[in-house]
Student: 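Could you have a look at this structure, given as structure tokens, before my questions?
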Amino acid sequence: MKVLIATKNAGKVKEFEFMFAEMGVEVSSLLDVEDAPEVEETGTTFAENARLKAEEIANLYNLPVISDDSGLVIDAIGGRPGVFSARYAGIEKDDDKNMDKVLDEMRSVPEHERTARFVCTLAVARPGKATVIVEGHCEGSIAYKKTGSHGFGYDPIFLVQGTSNTMAELTKEEKNQISHRAKALAKLKDQMHLLF
Ligand SMILES: O=c1[nH]c(=O)c2ncn([C@@H]3O[C@H](COP(=O)(O)OP(=O)(O)OP(=O)(O)O)[C@@H](O)[C@H]3O)c2[nH]1
Ligand SMILES: [Mg+2]
């Protein structure tokens, strides 16, 4: 069994490969598809963007697909970067620049006001059928500096709630137990039949 993930983010692909492997499912992504389109993320919510990405790709290739729209929501700065997480410091989607921008904006925010969460919305789209949407969250707070080298995106500045580690200090096994992506995928486990 194989499923197409409508994403061009290599960090997401690795995590889906790992998590789907436990279910005996293989993963391919838009990184494997020549001339795959860049779906415009014009929505104002994770769910809207997940739906846009999944439905465009499902209709284009006439296949069931899963998309992932995700990001970091920081309370002290009004929920930013939110749906702009990938392109927060510019369209080049540079993880280091994105983290530097957040650290700079959060420089004078005291520890107890640094709460944040990762959000992951997954959409399952099938040609001619209703799209299914699920969401998972992972709570934490924003560190004062980058630590750790695993994962991707904002992981080095995201302190996992109840621990003194950033997400980037966790092994892939550990991250994929507790992450927003793992929690969202768990909600789809009973609905895998939609994909095959
Ligand atoms: O530290 C992180 N750990 C994570 O587990 C994580 N998940 C999402 N993010 C951030 O949120 C953006 C998603 O934006 P996004 O959903 O539009 O994806 P994207 O544009 O990178 O790829 P695509 O799936 O749209 O092709 C990503 O680029 C990251 O910056 C994460 N950061
Ligand atoms: Mg995107």
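The first residue of the sequence shown is numbered 1, and numbering continues consecutively from there.
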Student: Could you tell me the separation between the CG atom of Leu159 and the CD atom of Gln161, rounded to the nearest 0.5 Å?
Tutor: 11.0 Å
Student: So, for Met99 and Pro156, which heavy atoms are closest and what is the spacing to 0.1 Å?
Tutor: SD-CD, 3.6 Å
Student: Using a strict threshold of under 4.0 Å (side-chain N to carboxylate O), is an ion pair present between Lys146 and Asp100?
Tutor: yes
Student: Answer whether the closest heavy-atom distance between the side chains of Glu17 and Val13 falls below 4.5 Å.
Tutor: yes
Student: Taking salt bridge (Lys or Arg N to Asp or Glu O under 4.0 Å) as the definition, give me every residue that meets it alongside Lys97, ordered by chain and number, with sequence neighbours left out.
Tutor: Glu92
Student: What pairs with Ile77 under side-chain contact (heavy atoms from CB on, under 4.5 Å), at least two apart in sequence or on another chain?
Tutor: Ile74, Arg80, Tyr88, Glu105, Met106
Student: Looking at CG of Asn98 and OH of Tyr154, how far apart are the two atoms once the value is rounded to the nearest 0.5 Å?
Tutor: 3.5 Å
Student: Can you confirm whether more than 12 heavy atoms, excluding those of Lys14, are under 6.0 Å from its NZ atom?
Tutor: no
Student: Run the side chain to side chain donor-acceptor pair (under 3.5 Å) test against Asp68 and tell me which residues pass, sequence neighbours left out.
Tutor: Lys12, Ser70, Arg181
Student: Are Leu194 and Ile57 joined in one hydrophobic group, where the rule is that I, L, V, M, F, W and Y side chains link up if heavy atoms are under 4.5 Å apart?
Tutor: no
Student: Measure the spacing between CG of Leu52 and OG1 of Thr42 and express it to the nearest 0.5 Å.
Tutor: 4.5 Å
Student: Sequence neighbours left out, what pairs pass side chain to side chain donor-acceptor pair (under 3.5 Å) with at least one residue falling in residues 115-128?
Tutor: Asp75-Thr115, Asp75-Arg117, Arg117-Glu139, Thr121-Glu135
Student: Under the salt bridge (Lys or Arg N to Asp or Glu O under 4.0 Å) rule, collect the residues that match up with Arg114, sequence neighbours excluded.
Tutor: none
Student: Heavy atoms only: give me the nearest Thr7-Asn9 pair and the separation to one decimal.
Tutor: OG1-N, 3.0 Å
Student: Is Phe84 atom CZ crowded by more than 12 heavy atoms from other residues, nucleotides or ligands, each under 6.0 Å away?
Tutor: no
Student: Could you pull out the closest heavy-atom pair between Ala182 and Asn176, with the gap in Å?
Tutor: CB-O, 3.2 Å
Student: Just checking Glu173: does its CD atom have more than 12 heavy atoms from other residues, nucleotides or ligands closer to it than 6.0 angstrom?
Tutor: yes
Student: For the residue pair Phe118 and His180, categorise the inter-ring angle as parallel (less than 30°), tilted (30 to 60°) or perpendicular (more than 60°).
Tutor: parallel
Student: Who passes side-chain contact (heavy atoms from CB on, under 4.5 Å) against Thr44, sequence neighbours left out?
Tutor: Glu48
Student: Got a second to check how far Leu195's CG is from Phe20's CZ, nearest 0.5 Å?
Tutor: 6.5 Å
